[in-house]
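First comes the structure, then the notes that go with it.
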Protein chains: 2
Amino acid sequence: MTPETKQTSEEIITTELIIKKAVEVICGKWRMIIIHLLREKVLRYGEIKRGVPGISEKVLVHELKQLVELGMVEKESFGEVPPRVEYRLTDKGRTILPVIDLLREVGRAFI
Amino acid sequence: MTPETKQTSEEIITTELIIKKAVEVICGKWRMIIIHLLREKVLRYGEIKRGVPGISEKVLVHELKQLVELGMVEKESFGEVPPRVEYRLTDKGRTILPVIDLLREVGRAFI
DNA sequence: TGTGTTACCCACCAATAGGTAAGTAAGCAT
DNA sequence: ATGCTTACTTACCTATTGGTGGGTAACACA
């Protein structure tokens, strides 16, 4: 990234902004779990719900909405009854998969 | 990491636990900023405070306490007046530096 | 006597995150 | 008519997070 070892105070400020934004994007009790679930499969709403036991419907819906807003997840509704809605990770969403993998590695020490 | 591609449901549960724990450890509005600050220097309380502009004293004290509890930071008080207290990253704390670096990389796309 | 220094603590408040339980639409099968 | 299915919505509540503005100890120095 930055080839220089010394950072100007401007760069430090930007670095802090980026880190804070990234933390904001990553955090939430269930968000990483949902993304981890979507890692390899396109899933319907109900499948995600069953795959994340313990999450409330309200929070799941809210999280999915935010993930779509952030451009990390794509939502596709088929106009069927009963409804069928699929969620899939976007390329942008996939950029944080390495973060999840790293979290799995370092997280062990804190359990 | 796990050489197998298929995970048993037991492993999936453990994976979720680890990810949730890691997220818990990482999150908080200021935590990563504080750790990033301590990356290369041992700092006094006041230096951290000045290095994290915007944080309230209450939150800073609380964060530092939790970081010590988690074993990520060591606190050393010198019995002086006016008081002098130093904080330094432990090896355990250093394990999340790669996470911060990765967050810096992926975070750009979300600003 | 009074002021400055440093690293805190405390009471109180507001905003956000998350949970619970119920309800809804629209069609199909019974 | 009734119930089942699926993907939600809504009202209400609690808990956690973070912020504000004050106070404190203990000594040194003017």
Side-chain angles (χ1 to χ4, degrees), chain A residues 16-17 19-38 41-70 72-88 110, chain B residues 16-17 19-38 41-70 72-88 110:
Chain A
E16 289 197 4
L17 268 184
I19 293 175
K20 285 180 83 171
K21 186 62 184 179
V23 167
E24 200 186 308
V25 164
I26 272 191
C27 286
K29 193 171 169 185
W30 307 101
R31 189 167 292 185
M32 293 300 99
I33 304 294
I34 294 170
I35 291 179
H36 184 61
L37 242 198
L38 287 171
K41 300 174 224 147
V42 176
L43 293 178
R44 296 180 59 171
Y45 171 82
E47 293 175 310
I48 300 175
K49 190 183 152 191
R50 285 187 292 278
V52 187
I55 196 172
S56 71
E57 297 218 346
K58 180 196 141 188
V59 170
L60 177 53
V61 170
H62 186 234
E63 282 299 312
L64 289 172
K65 240 175 216 167
Q66 286 193 190
L67 288 171
V68 169
E69 268 180 34
L70 285 166
M72 304 173 81
V73 166
E74 261 175 26
K75 173 181 178 173
E76 188 176 3
S77 302
F78 304 84
E80 304 177 3
V81 168
R84 179 159 66 101
V85 179
E86 288 183 352
Y87 293 90
R88 83 187 66 229
F110 293 91
Chain B
E16 291 197 3
L17 268 184
I19 294 175
K20 285 180 81 173
K21 187 63 184 180
V23 167
E24 202 185 307
V25 165
I26 272 191
C27 287
K29 192 171 170 185
W30 305 102
R31 189 168 293 184
M32 292 302 98
I33 304 293
I34 294 170
I35 291 180
H36 185 61
L37 240 198
L38 287 171
K41 300 175 223 145
V42 175
L43 293 178
R44 294 180 61 171
Y45 171 81
E47 293 174 311
I48 301 175
K49 190 183 154 191
R50 285 187 292 278
V52 187
I55 196 172
S56 70
E57 296 217 346
K58 179 196 140 188
V59 170
L60 177 53
V61 169
H62 186 235
E63 281 300 312
L64 288 172
K65 239 176 215 168
Q66 287 192 190
L67 288 172
V68 169
E69 269 180 32
L70 285 166
M72 304 172 80
V73 166
E74 262 175 25
K75 174 181 178 174
E76 187 176 3
S77 301
F78 304 84
E80 305 176 2
V81 167
R84 179 159 65 102
V85 180
E86 288 183 351
Y87 293 90
R88 81 187 66 229
F110 292 91

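So that the names make sense, note that chain A is the first sequence line, chain B the second, and so on, each numbered from 1. Every value quoted in this text rests on a predicted model; they were computed, and no experiment measured them.
Put simply, the side chain of A:H36 does not reach to within 4.5 Å of the side chain of A:M32, judged on heavy atoms.
Looking at residues two or more places apart in sequence or on another chain, you find no salt bridge (Lys or Arg N to Asp or Glu O under 4.0 Å) involving B:K20. Partners of A:R84 according to the salt bridge (Lys or Arg N to Asp or Glu O under 4.0 Å) rule, which considers only residues two or more places apart in sequence or in another chain, are A:E80, A:E86. Residues that satisfy the side chain to side chain donor-acceptor pair (under 3.5 Å) test with A:E47, not counting sequence neighbours, are absent from this structure. In terms of the salt bridge (Lys or Arg N to Asp or Glu O under 4.0 Å) criterion, A:E69 has no residue partners (sequence neighbours excluded). Remark: B:R88 engages B:E76 in a side chain to side chain donor-acceptor pair (under 3.5 Å) (not counting sequence neighbours). With sequence neighbours excluded, no residue forms a salt bridge (Lys or Arg N to Asp or Glu O under 4.0 Å) with B:R44.
Within residues 24-32 of chain A, the residues that have a heavy atom under 4.0 Å from DNA chain C are, in order of number, A:G28, A:K29, A:W30. For DNA chain D, the residues of residues 72-84 of chain B within the heavy-atom distance limit of 4.0 Å (strictly under) are B:V81, sorted by number.
Listed here is the closest heavy atom pair of B:L37 and B:I48: CD1-O, 3.8 Å. The heavy-atom pair separating A:S77 from A:V85 by the smallest distance is OG-CG2, 3.9 Å.
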Is there any protein nitrogen or oxygen under 3.5 Å from a nitrogen or oxygen in nucleotides 20-22 of chain C, and what are the pairs?
none

Scan the side chains in residues 53-61 of chain B for donor-acceptor partners under 3.5 Å anywhere in the protein, sequence neighbours excluded, and list what turns up.
residue: B:S56; atom: OG; partner: B:V59; partner atom: N; Å: 3.3
residue: B:E57; atom: OE2; partner: B:K49; partner atom: NZ; Å: 2.5

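Each of B:V61 and B:R50 was assigned the nucleotide of DNA chain C with the nearest heavy atom; the assignment lying further toward the 5' end belongs to B:R50.
Interatomic distance, CD of A:E24 versus CG of A:L17, reported as 10.5 Å (0.5 Å rounding). Between the CD1 atom of B:I19 and the CD1 atom of A:I33 there is a distance of 4.5 Å, given to the nearest 0.5 Å. Annotation: the span from A:H62 atom NE2 to A:L67 atom CG amounts to 10.0 Å, rounded to 0.5 Å.
If you measure from atom CD1 of B:I48 to atom P of C:dT6, you get 15 Å, rounded to the nearest angstrom. Separating the NZ atom of A:K65 from the P atom of C:dG18 is a distance of 16 Å, rounded to the nearest angstrom. Distance, B:K20 NZ to C:dG18 C1': 11 Å, rounded to whole Å. We find that CG of B:L60 is positioned 15 Å from P of C:dT6, with the value rounded to whole Å.
For C:dC8, the OP1/OP2 oxygens have a side-chain nitrogen or oxygen of B:Y87 closer than 4.0 Å.
Taking five base pairs at each end of the helix from C:dT1-D:dA30 to C:dT30-D:dA1, the local helix axes there meet at an angle of 30°, rounded to 10°.
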**side-chain contact (heavy atoms from CB on, under 4.5 Å) assessment of B:L64 paired with B:Y45** = CA-CA 9 Å; B:L64 288 172; B:Y45 171 81; 3.9 Å; yes

**Message:** Applying side-chain contact (heavy atoms from CB on, under 4.5 Å) to A:M72 and B:F110, what does each step give before you reach the verdict?
**Reply:** CA-CA 10 Å; A:M72 304 173 81; B:F110 292 91; 3.7 Å; yes

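With a cutoff of under 4.0 Å to any heavy atom of chain B, the contacted region of DNA chain D is bounded 5' to 3' by D:dG18 to D:dC27.
Remark: the backbone N or O of A:E63 is not paired with any side-chain donor or acceptor of A:R31 at under 3.5 angstrom.
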